[in-house]
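Notes follow once the structure below has been shown.
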Amino acid sequence: MFQPGASLTFDNAKTALDAGLQAIAGGQTDIDFSSLVTVDSAAVATMLAWQRIAASKAVSLSFRNIPDNLLSLISLYDVTALIAPNIVRADLPHH
């Protein structure tokens, strides 16, 4: 499971994007945000980019443990409908 780290901001988005793309190319389908503390709009853009690249390779990503501050940004930028299908919430039962 790929983890982008404690920060995903404009300052490190390119590095995180590249690391995530390498993980996806290596067969990773889960991205775990449990260590993520600091975010800005670049985090949302990075998630969308990972999703777009994965979809182009017919791979379905799962975003896990998204912190509330990132969920707020996803909502603020009105991309919930684009990202929500990939969010796996621990508080919901899985079928």
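All heavy atoms count here, side chains included; hydrogens, waters and symmetry mates do not.
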* Asked: Do Leu76 and Leu8 belong together in a cluster built from hydrophobic side chains that touch within less than 4.5 Å?
  -> yes
* Asked: Do Ser75 side-chain atoms and Leu71 backbone N/O form a donor-acceptor pair below 3.5 Å?
  -> no
* To do: Only counting residues at least two apart or in another chain, list the ones meeting side chain to side chain contact (heavy atoms under 4.5 Å, CB included) with Leu48.
  => Val44, Gln51, Val79, Leu82, Ile83
* To do: Could you note down all residue pairs passing ring pair (Phe, Tyr, Trp, His ring centres under 6.0 Å) where residues 24-56 supplies at least one of them, sequence neighbours left out?
  => Phe2-Trp50, Phe33-Phe63
* Write down the atom of Thr29, the atom of Ser60, and the distance for their closest heavy-atom approach. => CB-O, 3.6 Å
* For residues 22-40, which residue pairs qualify under salt bridge (charged side-chain N to carboxylate O under 4.0 Å, His left out), counting only residues two or more places apart or in two chains? -> Asp30-Arg64
* Using the test side chain to side chain contact (heavy atoms under 4.5 Å, CB included), find all partners of Ala25 that sit at least two apart in sequence or belong to another chain. => none
* Structure fact -> All heavy atoms of Ala13 vs all of Thr46, minimum pair found to be CB-OG1, 3.8 Å
* To do: Compare every heavy atom of Ser7 with every heavy atom of Asn12, then report the nearest pair and how far apart it is.
  => ND2-O, 2.7 Å
* Any side-chain heavy atom of Leu70 sitting closer than 4.5 Å to one from Met47? -> yes
* Asked: In the single-linkage hydrophobic clustering (I, L, V, M, F, W, Y; side-chain heavy atoms under 4.5 Å), do Ile53 and Leu61 co-cluster?
  -> yes
* **Contact summary for Val39 and Leu36, nearest pair of heavy atoms** => CG1-CD2, 3.4 Å
* Structure fact -> Those residues at least two apart in sequence (or on a different chain) that pass side chain to side chain contact (heavy atoms under 4.5 Å, CB included) with Ser41 are Tyr77
* Structure fact -> The complete set of side chain to side chain donor-acceptor pair (under 3.5 Å) pairs with one or both residues in residues 13-22, sequence neighbours excluded, reads Lys14-Asp18
* To do: Could you state whether Ile31 and Ile87 fall into the same hydrophobic cluster, counting links through intermediate Ile, Leu, Val, Met, Phe, Trp or Tyr residues with side-chain heavy atoms under 4.5 angstrom apart?
  => yes
